[in-house]
Amino acid sequence: MRAALWFLALFGIAAAIALFAGNNQGTVTLFWPPYRVDLSLNLVLLLLALLFFTLHTALRALAALFAIPGQAKRWRSQYQERAMHMALLDALSHLVGGRFIRARKAAELALARESALSQGSDVPAHCARLRVLSHLLAAESAQALQDQAAREMHFQAAMEQAGRRDAQETRDAVQMRGARWALEDRDAAAALHWIDQLPQGAGRRTIALRLRLEAARLGRKTVLALETARLLAKHRAFSEEASLGILRSLALELIGSAHDAAQLRAAWSQLDPKERGMPEVAVQAAQRLLSLSGEVEASREWLLPTWERMVKQRDGLTDGQRLELVRVLESGFALAGGAPEPAWLTRIEMAQLANPRDAALQYLAGISCMRLQLWGKAQQLLTQSLSMLQDPGLQRNAWRALAELAERRDDAEAAIQAWRNAAKR
């Protein structure tokens with residue numbers, strides 16, 4: 001349709017020209033004394049058109065001729081810029097490919113090309129950022145080659161360039177790389193320094209939080225590491241299982257770093273309810289509190305969520321966790337004044353009655369009855385638990401308890417046999 005319209009327009013123009021030129025009787029007379037020249041109007045118009053076309057072509061030719069030096073300069077600038085970008089791409093590809101010497105040379109070549117380009121008047125706006133990236137690539141290559149002097153030189157140059165107004169977008173990247181290199185050098189203080197220098201928004205990015213977590217763990221700053229791990233878990237930087245594992249290990253580390261009961265209580269107060277409910281954390285905290293101060297009631301209070309989890313959820317605890325919980329409660333029973341309170345005795349009896357085939361609960365109920373001087377019931381529960389107990393430690397303790405009960409009722413033969421059975425375990 002468009003072509004048909006063009007043809008119609010061309011036919012109309014041709015018809016108009018034919019009508020105007022065919023019947024045009026006009027003349028143009030030029031007087032140049034003593035001469036006179038008569039020309040038709042059509043010829044004059046044609047000559048004017050040819051003159052305009054000739055002058056236009058001549059002017060364009062002159063403009064192109066005078067533009068040759070500028071074009072040559074732009075071509076040289078474009079050539080340097082392409083060579084600079086090619087060197088930067090070579091440095092990146094060599095670095096990823098593990099050819100660190102080549103990567104370093106290519107990054108230095110990119111810097112040389114950029115320096116030559118900056119000496120001209122046509123300087124690209126992104127040259128500052130390109131210098132930062134080139135220095136970073138060279139520093140990364142030097143770090144891989146264990147050349148710390150070259151790394152520091154390029155790193156300081158990158159920091160200097162990143163401070164420019166047109167390259168501030170790269171400053172966060174430079175500081176993060178500085179933190180990463182400090183971690184590789186096992187310098188936790190320097191790594192935390194670079195991370196703390198980040199802006200607030202950049203410091204809450206996942207990569208920055210990961211670096212902070214590594215630096216805090218390396219520097220034995222358990223509280224900081226635990227807070228950072230909570231943020232990472234909130235941002236779902238790890239899988240749920242991995243997050244629980246990290247939080248568990250940090251909580252255990254915090255509990256293990258306490259040297260007295262006051263420090264332990266302070267460490268326990270810094271844990272979240274979710275962390276306090278972890279069986280390994282609660283058991284270790286309670287065991288350490290018993291060993292440091294013998295505070296039986298506080299240790300049982302810490303163990304209560306884990307106990308309820310074991311009783312209410314069939315698969316709430318593993319077999320190993322159940323045994324550790326029983327051992328810690330038994331340790332509390334063995335201390336002076338550590339006999340179970342009525343509330344705990346009720347909990348233990350109800351759990352044992354609800355799970356009569358649970359050997360660990362039968363054993364714990366027997367020990368609690370023994371500490372409360374319920375000798376007959378204790379002997380019955382301990383004897384029943386022996387046929388089901390699989391843990392050698394609990395079997396040995398059960399035989400020892402039976403030996404003590406036999407000595408109390410002056411049954412020397414049963415006591416000797418029980419002590420022998422305990423020694424075999």
Side-chain angles (χ1 to χ4, degrees), residues 80-120 123-199 202-203 205-221 224-225 228:
Q80 291 287 351
E81 189 173 355
R82 292 191 188 100
M84 176 181 63
H85 290 154
M86 183 60 67
L88 186 64
L89 289 176
D90 288 341
L92 184 59
S93 60
H94 289 321
L95 180 64
V96 174
R99 297 184 291 270
F100 303 115
I101 296 178
R102 294 184 183 181
R104 181 172 166 183
K105 290 181 178 179
E108 292 173 350
L109 177 60
L111 289 170
R113 295 287 189 184
E114 190 278 330
S115 178
L117 185 63
S118 298
Q119 293 177 1
V123 181
H126 61 277
C127 272
R129 284 181 291 174
L130 189 140
R131 283 194 296 270
V132 173
L133 293 178
S134 299
H135 281 300
L136 273 183
L137 291 175
E140 189 70 42
S141 302
Q143 172 69 11
L145 295 170
Q146 299 297 315
D147 188 353
Q148 293 190 358
R151 185 201 72 187
E152 286 300 317
M153 179 186 68
H154 285 289
F155 177 67
Q156 294 300 328
M159 282 295 299
E160 181 181 354
Q161 293 297 325
R164 295 167 58 97
R165 180 176 299 178
D166 52 350
Q168 290 183 352
E169 297 86 352
T170 60
R171 188 173 183 85
D172 298 346
V174 177
Q175 292 174 341
M176 287 185 186
R177 292 316 301 169
R180 170 56 63 191
W181 294 331
L183 286 175
E184 293 178 2
D185 294 339
R186 312 297 294 176
D187 189 349
L192 288 174
H193 168 74
W194 287 117
I195 296 171
D196 291 338
Q197 295 297 317
L198 291 171
R205 296 173 189 166
T206 301
I207 182 64
L209 291 175
R210 286 176 180 267
L211 292 174
R212 187 185 295 275
L213 176 61
E214 293 182 30
R217 299 193 74 173
L218 180 62
R220 300 293 182 182
K221 298 181 180 296
L224 177 61
T228 307

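Residue numbers count from 1 along this sequence. Everything quoted here is computed from the prediction, not taken from an experiment.
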Between M159 and R171, does the side-chain contact (heavy atoms from CB on, under 4.5 Å) criterion hold? Intermediate values first, please. CA-CA 7 Å; M159 282 295 299; R171 188 173 183 85; 3.5 Å; yes

Could you go through R102 and K105, starting from their C-alpha distance and side-chain angles, then the distance that decides it, and tell me whether this counts as side-chain contact (heavy atoms from CB on, under 4.5 Å)? CA-CA 5 Å; R102 294 184 183 181; K105 290 181 178 179; 5.7 Å; no

Would you please test L213 and L224 for side-chain contact (heavy atoms from CB on, under 4.5 Å) and show each step? CA-CA 8 Å; L213 176 61; L224 177 61; over 6 Å; no

For a side-chain contact (heavy atoms from CB on, under 4.5 Å) check, start with the C-alpha distance between L145 and R151, then their side-chain angles and the critical distance, and finish with the verdict. CA-CA 9 Å; L145 295 170; R151 185 201 72 187; over 6 Å; no

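Heavy-atom minimum distance, L88 versus S134: CD1-OG, 3.6 Å. The nearest pair of heavy atoms linking A91 to A107 is CB-N, 3.6 Å. For the pair A182 and A191, the tightest heavy-atom approach, listed with the atom from each and the gap, is CB-N, 3.5 Å. The heavy-atom pair separating A150 from R104 by the smallest distance is CB-NH2, 3.3 Å. Looking at every heavy atom in both residues, A158 comes nearest to V132 through O-CG2, 4.0 Å.
At a cut-off of 3.5 Å, with distance as the only test, no side-chain donor of Q148 or W181 sits close to an acceptor on the other residue.
Rounding to the nearest 0.5 angstrom, the gap separating the OG atom in S93 from the CE atom in M86 is 9.5 Å. The distance from atom CE of M153 to atom CD of Q156, rounded to the nearest 0.5 Å, is 11.0 Å. Once rounded to the nearest 0.5 Å, the distance linking CD1 of I207 with CE of M176 reads 7.0 Å. Atom CD1 of residue I195 and atom NE2 of residue H193 lie 11.0 Å apart, to the nearest 0.5 angstrom. Note: R129 CZ to Q161 CD = 13.0 Å, rounded to the nearest 0.5 Å.
R212 places a side-chain heavy atom less than 4.5 Å from the side chain of D196. Side-chain atoms of R180 and D185, non-hydrogen and from C-beta on, never get closer than 4.5 Å to each other. At least one side-chain heavy atom of L192 sits less than 4.5 Å from a side-chain heavy atom of K221. Looking only at side-chain heavy atoms (C-beta outward), S141 and I101 stay at 4.5 Å or farther from each other. L111 places none of its side-chain heavy atoms less than 4.5 Å from the side chain of S115. Between R210 and T228 the shortest side-chain heavy-atom distance does not fall below 4.5 Å. Residues R205 and D172 form a side-chain contact, since some pair of their non-hydrogen atoms from C-beta on lies under 4.5 Å apart. A heavy-atom distance below 4.5 Å is found between the side chains of L130 and H85.
Screening L198, T170, L211 for a side-chain contact (heavy atoms from CB on, under 4.5 Å) with Q175, the sole residue that qualifies is L198.
Ring orientation note: the planes of H154 and H135 are tilted relative to one another, at an angle of 30° to 60°.
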